[in-house]
Structures are given as C-alpha cells and as structure tokens.
Amino acid sequence: MTTQRTRQPIERNLAMELVRVTEAAALSAARHMGFGDKELVDQAAVDAMRHTLDGISMDGVVVIGEGEKDEAPMLYIGERIGDGSDPKVDIAVDPIDGTTLLSKGMSGAIAAIALSGRDTMRVPSDIFYMDKIAVGPGAADAIDINASVAANLANIGEALGLRPEEITVSVLDRPRHEGLLSEIRGAGARVKLIPDGDIASVIQAALPDSGVQAAMGVGGSPEGVLAAAAVRCTGGAIQCKPWPRTPEEREEATARGVDVDHVYDTEELVGGEDVFFAATGASSGELLRGVHFFAGGATTQSLVMRSRSGTIRWVESIHNFRRLDKIRYES
C-alpha cells in the first residue's frame, strides 16, 4: 500500500513577515538614490534583505536570487534561508527591480519578494528573456500569447466591456518592442511606455482599477516568476514564452533540451495554494510611493498579497530609526 504525500497548507500569513524584508531593502537602497552606482544600490538592498530574512522561522530555498555564491554576502540561488523549521518554501527575490532607475534618481524602483511551498516555483533559467502577456482577473481567460496582439486586445476588451481606445497596455521602452507597439496602436489601444520595472508593470495590469488592463512584451525570466506570484494573488493571469535573443541562442537552447515554444502559464510558473508576495517602493512610481526620509526616520508604502485569501493590502509604515537601531544593538 502506498501513501500519497499531500502538501500541508501554510497557516501563517507570511506576507506580513515578508513586508519587513522589502521595507528593509527599500530603506537601505534608497539612501543611495541618484549616486549613479547600480552595484551600490543592489548590494545595500541584498544585505538588508539577508539580515531580515534570517529572523523568519522557515525552511527556505532561494530559487531566484543573485546568482551563484561568491565572497559577497548575497542571496544566491540554492541558498538555505531561515532556521530550518516549517514551512518548507521556495523564495524568489529581486532586491531592487529597477536598480538603474534608483541609481539615477528616477521613479518606479521597488524591492520585491515572493514565497510559495517547496518545489512550486518553476524558473526557466536556461533562457534569460521571456515574452509575456498579463491581465487582471476580469480578463484571465481571454489571453493567448500565441494569438495576435489584435486578437488578444479584442478578447480583453470583450471580457472587460471596453472599447479598444479604452484599453491601456504597459510596455517596456525597448527597441525590441517597436513591432509590438505598432500592433498595439494599430489595434486602437493606448500605450503606456515604462523605462524599467518589469515586475511593477505586470502587477499594475493584474490589479483592479489600476488604469492598466494588460502588460505585454519581452522581459527577464526571473522577473516573470516574481510577477506570476503577484498575479496568483490577484486572480489574474500571465503567460510567458522563452525569447531567445539570437538564432544562435535558440539553437543552443534547443540543443540543451529547452522547448523554446513552450508557454508557461501562471500556475506553472508558481504553483501550490499558498503564494505570498510583498513589494515596497524605493523611489516613487505609479504603483508605490518611494522612501521618504525625515529627521530620525522614514516612511514607506508597500503592497502585500496572499493567494489563499486573495487579500491585497497597502501598508503605510513609519520607521523610527532611533528605536530600530536600539533593537538591532540589543539583539
């Protein structure tokens, strides 16, 4: 007789603990806003995330992080996080999505983290970029990444009861999207170009009443998984497809056994019933306000979500540095 193993639900709302992680990352990185140093921004956020994650009771494995382990204290892929106690979870982090934005003093940089049950995050790491389409819950069944842009926009409009000119599509401002932009405009929809911030773009499309009905275009594969975690919480949908940059990259991926025509849907990217997501604004954008420093402290705004309940929280925090420093010193 065989016993089928079942996953135990994660009873704690870990998203409320994860928001402390993204707050710490945003606060640390924001101190270096406008310095023009991407590495400085990223390292400050990584160090703050690591320190705060160490205080969470869990048995976590980083599946999206800062790459392979080196001499620096980074959150590297495969690293174990937490004290080893239950729950057993996968962790995906982007210490700052939009490091260039923050280093230049531009808007829209966020610190993001996602968590789900062990072995539920699928990261297509063989291909660095993926083509994506994402929508909110009202149009979750209306998208097909293999269909034309015009067909997708028509189906999204029908699902939401909107005319083409009432649909806004978020697209990264990249030369590779010239053809996509022509197709969107040709279908009569509006375009919202963003300089950076792949995760925030998808989240806006997946949130109700954000003013953005869809996100389209090519972005990073790791960011696609983090965005999928947020989409799981909102009830929206995302589809991603590997996007080799060159014919040579396509041939190499195929030789490694990668199906470059495979379509990853939301639950394939992040499965399970328990998905948690948190993000904090580092520099102010349309999704989140950035860190605002005042004498002796700072304010932050965060987005916190949980898939099981579907609850979406906006968290406004005031941080008292004198008291926080005292806690750190005592601990």
Side-chain angles (χ1 to χ4, degrees), residues 18-19 21-38 40-42 44-45 48-49 92-114 132 134-136 168-174 177 190-220 222-224 226-231 233-234 236 238 277-294 298-305 312-319:
L18 294 179
V19 72
V21 177
T22 55
E23 286 176 345
L27 285 165
S28 295
R31 293 183 180 277
H32 307 295
M33 186 175 79
F35 283 23
D37 190 335
K38 289 174 55 178
L40 181 62
V41 164
D42 198 42
M49 272 195 167
V93 299
D94 195 335
I96 294 293
D97 183 33
T99 51
T100 298
L101 297 176
L102 191 58
S103 68
K104 292 182 177 180
M106 299 170 67
S107 63
I110 66 170
I113 188 168
K132 307 170 189 177
V135 292
T168 300
V169 183
S170 178
V171 181
L172 277 170
D173 189 5
R174 299 289 188 274
H177 289 146
R190 308 192 313 162
V191 172
K192 179 180 179 181
L193 282 175
I194 56 172
D196 213 336
D198 200 6
I199 299 172
S201 172
V202 171
I203 293 173
Q204 273 199 295
L207 285 173
D209 302 322
S210 70
V212 176
Q213 286 74 41
M216 294 183 179
V218 174
E223 289 84 353
L226 271 155
V231 171
C233 296
T234 68
I238 184 171
F277 179 88
T280 300
S283 60
S284 291
E286 292 194 28
L287 179 65
L288 290 163
R289 288 199 312 275
V291 175
H292 172 69
F293 292 102
F294 58 84
T299 61
T300 56
Q301 184 184 44
S302 302
L303 177 61
V304 184
M305 298 187 280
I312 301 171
R313 291 181 171 92
W314 301 90
V315 178
E316 311 274 349
S317 301
I318 300 173
H319 306 270

task: With Pro95 as reference, evaluate Val41, Asp42, Val21 under the side chain to side chain contact (heavy atoms under 4.5 Å, CB included) test and give the passing residue.
output: Asp42

Whether His32 side chain and Asp37 backbone form a donor-acceptor pair below 3.5 Å: no

Considering only distance and modelled atom types, tabulate donor-acceptor pairs under 3.5 Å from the side chains of residues 99-109, sequence neighbours left out.
from, atom 1, to, atom 2, distance (Å)
Ser103, OG, Thr99, O, 3.2
Ser103, OG, Thr100, O, 2.9

task: Could you tell me whether a side-chain N or O of Arg289 sits under 3.5 Å from a main-chain N or O of Ser283, the two making a donor and an acceptor?
output: no

- prompt: Can you name the closest pair of heavy atoms from Gly219 and Leu172 and give their distance?
  reply: CA-CD1, 4.5 Å

- prompt: Which side-chain hydrogen bond (donor to acceptor under 3.5 Å, both in side chains) pairs, counting each pair once, include a residue from residues 194-204, with sequence neighbours left out?
  reply: Lys132-Asp198, Ser170-Ser201, Lys192-Gln204

task: List the steps and the verdict of side-chain contact (heavy atoms from CB on, under 4.5 Å) for Val218 and Arg174.
output: CA-CA 9 Å; Val218 174; Arg174 299 289 188 274; over 6 Å; no

task: Grab the two heavy atoms, one from Ile203 and one from Ala230, that are nearest each other, plus how far apart they are.
output: CG1-CB, 3.8 Å

task: Taking the side chain as every heavy atom from C-beta outward, state whether Glu316 and Thr299 have any atom pair closer than 4.5 Å.
output: no

message: Ignoring hydrogens, what is the shortest heavy-atom contact between Ser317 and Glu23? Give both atom names and the distance.
response: OG-OE2, 2.7 Å

- prompt: If you round to the nearest 0.5 Å, how far is OG1 of Thr168 from CZ of Arg190?
  reply: 3.5 Å

field: salt bridge (Lys or Arg N to Asp or Glu O under 4.0 Å) contacts in which one or both residues fall within residues 204-216, not counting sequence neighbours
entry: none

statement: Value for OG1 (Thr22) from CG (Leu303), rounded to nearest 0.5 Å, stands at 9.5 Å

message: For the OG1 atom of Thr300 and the NE2 atom of His319, what is their distance to the nearest 0.5 Å?
response: 3.0 Å

- line: Looking only at heavy atoms, the pair that brings Phe294 and Ile318 closest together is CZ-CG2, 3.9 Å

- prompt: What are the two closest heavy atoms between Ile110 and Gly281, and how far apart are they?
  reply: CG2-CA, 4.3 Å

query: Is any side-chain heavy atom of Thr234 closer than 4.5 Å to a side-chain heavy atom of Met305?
result: yes

- request: Evaluate the side-chain proximity of Asp97 to Glu223: yes if any heavy-atom separation is below 4.5 Å, no if none is.
  value: yes

query: Where do Val135 and Ala214 come nearest, in terms of heavy atoms and distance?
result: CG1-CB, 4.0 Å

message: If I take atom CG from residue Leu27 and atom CZ from residue Arg31, how far apart are they, to the nearest 0.5 angstrom?
response: 7.0 Å

